[in-house]
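In what follows, a structure is listed as structure tokens, so that the remarks can point back to it.
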Amino acid sequence: MEDTPQKTVSTPQSATALPIQDTIDELKQLYPVARYDLDFTTPLDLLVAAQLAAQCTDKRVNSVTKDLFQKYRRAEDYVAVPMEELAEDVRNTGFYRKKAKQIQAACQYLLLVHQGEVPQTMEELVKVPGVARKTANVILGSAFGIVDGIIIDTHVGRLAQRFGWTQQSDPVKIEQELMRQLPREEWLSLAHRIIYHGRAVCMARNPHCEQCTLAQQCPSSSLHVTQ
DNA sequence: CTCCCGATAT
DNA sequence: ATATCAGGAG
């Protein structure tokens, strides 16, 4: 009886999950254009941008890569400079030493195994240092037009849980569950739209349920607080 | 699980 | 002040 009303929406309050097809339709109306917001021209650009995007907004990544991609055009260029120099060039994306090392390790690997090219399969991509399934899905989908999985980043994971689509927290398990529930032609665009919604409305700390058009159906919405 | 790490929102 | 940000490795 001394139940303090749940402020957090990290856990669904009702048992009914938000129907996936309804959500897809609603998100299509909300965000007609679904695309990735990282700037790039080559697959290598996107690989580097995606690695820089760890714990960093796309906006800041783009501000860094604007100059970066003019200075470094091929895998050879990234390994030709001292790590400290590359670290300085990516500094304000955070984690800059680790990212510099990771980018050089990735380029070293690409030169050794793939003649400096970015491979076009999930199997090969996840062998590249610093590339796991999330980054691989981004590269495959946006650079090569290949859809082999679903991008599970912090937004997709969080919203999938709030929508009641999954109880899992491991991104690989969330991806498997969503792949089972969604037609393949929706995989790429839905992830992009969920990311838009996660950034603009259903934010990690302060979800704006009152301005969310999915709130009525959403099991985690703070609007239908069950006394 | 921890670490990497600066910029920004709250 | 501090939580969070289009993660991944050890």
Side-chain angles (χ1 to χ4, degrees), chain A residues 7-10 27 31 33-40 43 45-69 83-84 86-110 118 122 124-143 147-162 168-175 178 187-211 222:
Chain A
K7 271 261 179 172
T8 168
V9 293
S10 56
L27 288 173
Y31 313 103
V33 179
R35 51 173 286 275
Y36 211 74
D37 281 340
L38 290 178
D39 294 335
F40 69 99
D45 283 353
L46 184 55
L47 190 151
V48 171
Q51 288 189 318
L52 293 179
Q55 297 298 74
C56 178
T57 62
D58 61 310
K59 191 177 172 185
R60 200 158 5 112
V61 171
N62 288 337
S63 76
V64 166
T65 56
K66 192 180 181 206
D67 295 327
L68 194 75
F69 292 159
M83 188 277 283
E84 292 76 13
L86 181 57
E88 198 52 41
D89 289 337
V90 301
R91 172 176 267 274
N92 56 8
T93 64
F95 301 169
Y96 59 95
R97 296 184 137 273
K98 172 160 251 184
K99 284 174 180 175
K101 285 178 191 168
Q102 219 165 54
I103 290 167
Q104 290 195 319
C107 288
Q108 204 80 260
Y109 178 87
L110 293 182
V118 177
M122 174 63 75
E124 294 302 321
L125 273 171
V126 294
K127 292 179 186 168
V128 179
V131 177
R133 288 193 62 90
K134 184 263 169 184
T135 301
N137 277 323
V138 167
I139 295 169
L140 286 173
S142 294
V147 179
D148 202 22
I150 301 177
I151 299 167
I152 309 294
D153 62 14
T154 176
H155 293 302
V156 180
R158 183 180 70 250
L159 267 66
Q161 286 183 344
R162 286 181 178 171
Q168 305 289 342
S169 55
D170 175 23
V172 175
K173 291 182 179 173
I174 295 176
E175 185 182 5
L178 294 194
W187 289 0
L188 185 61
S189 60
L190 181 69
H192 286 158
R193 290 187 171 104
I194 289 181
I195 288 164
Y196 278 123
H197 196 64
R199 284 195 307 193
V201 180
C202 192
M203 297 184 281
R205 223 172 3 172
N206 182 21
H208 295 181
C209 300
E210 68 285 349
Q211 70 174 68
S222 60

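Proteins get letters first, then strands, A, B, ... in listed order; numbering begins at 1 in each.
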Quick one: [X] [atom1] to [N] [atom2], roughly how many Å, whole number?
X	N	atom1	atom2	answer
A/Leu52	C/dG8	CG	C1'	13 Å
A/Phe40	C/dA6	CZ	P	18 Å
A/Lys134	C/dC5	NZ	C1'	11 Å
A/Trp187	C/dA6	CH2	P	24 Å
A/His155	C/dA6	NE2	P	4 Å
A/Leu159	C/dA6	CG	C1'	13 Å

With B for base contact, S for sugar-phosphate-only contact and - for none (protein heavy atoms under 4.0 Å), nucleotides 3-10 of chain B reads BBBBS-BS

Distance-only donor-acceptor pairs under 3.5 Å for side chains of residues 100-108 of chain A, two or more places apart:
unit_1   : atom_1 : unit_2  : atom_2 : d
A/Gln104 : NE2    : A/Tyr78 : O      : 2.9
A/Gln104 : NE2    : A/Val81 : O      : 2.9

With a 4.0 Å cut-off on heavy atoms, is A/Arg133 in touch with a base, just the backbone sugar-phosphate, or nothing at all?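 Nothing, no heavy atom under 4.0 Å.
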
Have a look at A/Gln51 and say if it touches a base, only the backbone sugar-phosphate, or nothing, with a 4.0 Å heavy-atom cut-off.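 Touches nothing.
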
DNA chain C: A/Val138 or A/Val131, which has the more 5' nearest nucleotide?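 Its nucleotide being nearer the 5' end, the pick is A/Val138.
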
Could you give the distance separating B/dT2 and C/dA6 at their P atoms, to the nearest angstrom?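 The same atom, P, in both gives a distance of 22 Å.
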
If I pick the P atom on B/dC3 and the same atom on C/dA3, what distance separates them, to the nearest angstrom?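 The same atom, P, in both gives a distance of 16 Å.
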
Side chains of A/Asp58 and A/Arg199: does their closest heavy-atom pair fall under 4.5 Å?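 Answer yes - side chains close enough.
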
What residues, two or more places apart in sequence or in another chain, satisfy ring pair (Phe, Tyr, Trp, His ring centres under 6.0 Å) together with A/Phe40?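 Ring pair (Phe, Tyr, Trp, His ring centres under 6.0 Å) check on A/Phe40 returns nothing, list empty.
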
Between A/Asn62 and A/Asp37, is there a donor-acceptor pair closer than 3.5 Å when you use the side chain of the first and the backbone of the second?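 Flag set: sc A/Asn62 to bb A/Asp37 pair under 3.5 Å.
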
Which pair of heavy atoms, one from A/Tyr36 and one from A/Ser142, lies closest together, and at what distance?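 Looking at all heavy atoms of both residues, the closest pair is CB-OG, 3.6 Å.
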
